[in-house]
Structures are given as structure tokens and as C-alpha cells.
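Here is the structure we will look at.
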Amino acid sequence: MKTPKPPAAIPEIRPGQSLELLKELHILTRDGKLNQDTRRKLKQVYHLYQFIEPLLDGAETLVDHGAGKSYLGFILYDLYFKERASGEIVGIETRAELVEKSCELAARLGFPRMRFMACTVEDSLSSSELPETVDVVTALHACNTATDDAIRFALTRNARHIVLVPCCQAEVAASMRAKKNESLGKTPLSELWRHPIHTRELGSHLTNVLRCLLLESHGYDVTVTELVGWEHSMKNELIIASKRGNPRKNARERAEAILREFNIEELAPRFTY
């Protein structure tokens with residue numbers, strides 16, 4: 001009787017990756033195969049990883065805010081931290097049930113240097129369970145002001161690198177909407193957000209512009225790029241900030257001028273500290 005051959009390696013998957021993890025992330029089907037949809041998901045995972053991997057050199061602590069099911073943390077651990085002798089990933093998520101599930105999955109996969117905290121960003125700012133400085137902070141699709149909270153955490157903990165994919169930015173648009181009549185009489189630029197759909201789109205864009213200026217005012221070099229093709233997601237703006245130590249001198253002044261021009265100066269505490 002012939003000895004059965006082991007299953008052939010799936011060429012799209014990198015050697016050493018946890019197949020159980022890929023099944024958990026629905027990148028592999030339950031029978032261990034890829035289909036057209038899961039190939040697309042895998043391509044997106046690798047596309048994101050190629051941006052983050054260069055930032056991990058020498059990183060000992062990566063904190064993932066708004067971690068959800070911690071898919072990003074698990075992928076980064078599996079592809080990078082698993083083969084290293086040191087370094088940990090901390091997932092921060094307010095929903096205790098998701099934290100519990102992530103703890104169970106990490107134990108099942110044998111990922112000992114992953115841990116998870118059920119707390120708010122506000123709690124994490126002063127938590128003694130986290131080091132005073134961290135190397136990398138990530139926040140993917142953290143909704144509305146949760147991205148700003150992650151930025152505040154990163155600045156408080158003097159993070160070397162920050163990776164953000166903002167989502168559902170509503171606060172700036174709400175402020176613009178509340179003062180629309182006043183703005184229409186103040187500046188012709190208000191035509192840019194007179195219609196509701198333009199208010200939403202411009203508010204989202206302004207939010208990320210102000211975030212970039214805030215990071216630059218704290219000494220970060222900022223790169224803004226596209227995460228995936230428009231056909232996959234409209235929430236695909238990737239912001240990468242790396243600490244260089246030389247603040248952009250006019251960044252705070254530019255942010256203050258934008259807030260004045262768009263009649264939303266009440267948001268200055270969020271974007272100009």
C-alpha cells in the first residue's frame with residue numbers, strides 16, 4: 001500500500017503560517033482551501049502587512065487599539081513575532097466578550113506573547129499594565145473619535161510608529177452641520193459643505209488632514225496612502241506616522257487656521273494639543 005502524500009502547500013500562503021489561524025479569520029475555508037473570495041482577503045492581509053513589517057524592526061511592544069476580534073494582532077504575531085525570542089502584542093478592546101475569545105484563541109494557537117485588555121482608551125492612558133513607552137500603535141477601522149483616542153494614547157506613550165485606518169469620522173461633519181447657516185454667511189467656502197453628502201465627505205477628509213497636522217506638530221513624519229483598491233472598501237485611507245523628533249513648525253498654526261476657516265474652532269482641543 002502506498003503511503004498517502006501530505007497535502008500540497010497552498011502557494012499563496014507563506015511558509016510557516018498557522019493554517020488554524022487562517023481558518024479562524026475565514027481566509028481559508030474549513031477544509032483548508034482558498035477560493036476567489038478568500039484569495040482576495042489574503043491579498044489584502046499581505047498588502048497591509050507590507051506596510052507594517054518595516055516598522056516592526058526592534059519593536060518590543062505593539063498596542064492595537066479598538067482591536068475587535070484582534071485579527072490584525074494575530075496576523076502580525078503569526079507572520080513576525082512568532083519567530084522572534086521577544087516582543088509582545090497587546091490588544092485593547094472595550095467589549096469583554098471579544099477579549100475573552102481572543103485570549104482563548106491565543107492559547108489555542110500557542111501565541112504566548114499576545115495579551116488582551118478589556119478597557120477604554122482613557123483607561124489605557126494611565127494603565128500600569130502597559131509600559132511607559134511603546135514601539136508601535138495600530139488602530140484599524142476604529143470608528144469616529146476612537147482613532148483620535150488611539151493617537152492620544154500613542155503620543156502619551158511616545159510611540160515610535162503609528163498606523164491608522166480611520167473609519168466613520170462623524171464629529172467634524174456634525175460640527176460643520178451645526179453651524180452651516182452661520183458659515184454660509186461668513187465665507188463662500190461654505191459652498192463646499194452646503195449639501196449633506198458634501199458635509200459628510202468633506203468632514204471626513206478634514207478630520208484626517210487635522211490628524212496628520214497634529215502628528216506632524218509632535219515630531220512625526222506622516223505618510224498617507226491607499227490601503228486597498230476602491231473596489232474593496234471606501235474606508236481605505238492608511239496613515240503611517242514615524243517619530244523623527246523635529247516637529248513641523250507651522251503644523252499647529254495651519255490646523256488652527258483650518259479650524260477657523262471652517263468655523264469649527266470648538267474642536268481645537270482634539271486637534272491642536
Side-chain angles (χ1 to χ4, degrees), residues 65-66 68 94 120-122 125 137-156 159 162-244 246-273:
H65 272 286
T94 58
T120 65
V121 176
E122 190 68 28
L125 287 172
V137 172
T138 58
L140 266 61
H141 298 115
C143 283
N144 200 17
T145 58
T147 297
D148 301 302
D149 294 337
I151 291 174
R152 184 178 291 275
F153 172 86
L155 296 179
T156 301
I162 307 168
V163 181
L164 309 167
V165 179
C167 183
C168 306
Q169 303 97 303
E171 185 186 36
V172 169
S175 293
M176 294 165 67
R177 191 178 301 112
K179 291 188 173 181
K180 185 174 292 187
N181 290 337
E182 179 184 327
S183 299
L184 284 169
K186 180 180 179 182
T187 171
L189 281 177
S190 61
E191 293 294 336
L192 293 172
W193 70 95
R194 180 161 62 93
H195 298 287
I197 188 173
H198 294 158
T199 306
R200 185 177 69 245
E201 292 174 352
L202 182 59
S204 178
H205 179 62
L206 275 177
T207 302
N208 288 341
V209 169
L210 290 165
R211 286 166 173 162
C212 291
L213 288 169
L214 172 62
L215 291 166
E216 288 175 333
S217 74
H218 283 268
Y220 286 82
D221 286 350
V222 177
T223 300
V224 184
T225 189
E226 188 179 45
L227 177 58
V228 293
W230 288 105
E231 70 276 12
H232 299 316
S233 171
M234 293 298 287
K235 303 296 183 183
N236 67 341
E237 189 169 333
L238 175 64
I239 300 172
I240 299 176
S242 296
K243 186 77 169 179
R244 300 301 181 211
N246 296 312
R248 177 181 161 186
K249 293 181 180 179
N250 68 344
R252 183 170 282 108
E253 289 80 4
R254 287 291 178 110
E256 291 169 348
I258 289 171
L259 292 167
R260 284 195 303 272
E261 193 68 35
F262 286 88
N263 202 21
I264 49 175
E265 291 176 90
E266 70 272 15
L267 297 180
R270 182 170 290 279
F271 296 112
T272 61
Y273 56 87

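Values reported hereafter were calculated over all heavy atoms of this structure, with side chains retained and with hydrogens, waters and symmetry mates removed. What you see is a predicted model; the values in this text were computed from it and never measured.
Rounded to the nearest 0.5 angstrom, Asn181 CG and Asn263 CG are separated by 11.0 Å. A distance of 11.0 Å separates CD1 of Ile239 from OG1 of Thr225, quoted to the nearest 0.5 Å.
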Query raised in the report: Would Leu215 and Leu155 count as a side chain to side chain contact (heavy atoms under 4.5 Å, CB included) if you check the C-alpha gap in whole Å, the side-chain angles of each, and the deciding distance to 0.1 Å?
Result: CA-CA 8 Å; Leu215 291 166; Leu155 296 179; 4.3 Å; yes

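Nearest approach of Ile162 to Ala154, heavy atoms of both residues: CD1-CB, 3.5 Å. Scanning both residues, Ser183 and Ser190, for their nearest heavy atoms gives O-OG, 3.3 Å.
Within the 4.5 Å cutoff, the side chain of Arg211 has heavy atoms near those of the Phe271 side chain. Between Gln169 and Glu237 the shortest side-chain heavy-atom distance does not fall below 4.5 Å. Contact of the Pro166 side chain with the Thr207 side chain is not registered, since no non-hydrogen atoms from C-beta on lie closer than 4.5 Å. Side-chain contact between His65 and Val121: present, with at least one pair of heavy atoms (C-beta onward) separated by less than 4.5 Å. Here the side chains of Thr187 and Glu261 are in contact, with some heavy-atom distance below 4.5 Å.
Listed for the Ser204 side chain is no donor-acceptor partner under 3.5 Å among the backbone atoms of Arg200. Put simply, the side chain of Lys179 never gets that close to the backbone of Phe262: no donor and acceptor are under 3.5 Å apart. A donor-acceptor contact shorter than 3.5 Å links the side chain of His218 to the backbone of Tyr273. Between the side chain of Lys243 and the backbone N or O of Gly219 there is no donor-acceptor pair closer than 3.5 Å. Judged purely by atom type and a 3.5 angstrom limit, Thr94 has no side-chain atom pairing as donor or acceptor with the backbone of Thr120.
Checked against Asn250 for a side chain to side chain donor-acceptor pair (under 3.5 Å), the options Glu253, Arg248, Arg252 give a single hit: Arg248.
Under 4.0 Å is where a charged nitrogen must lie from a carboxylate oxygen, and between Glu216 and Arg254 no such pair does.
Within 6.0 Å of CD in Glu266 there are more than 12 heavy atoms belonging to other residues, nucleotides or ligands.
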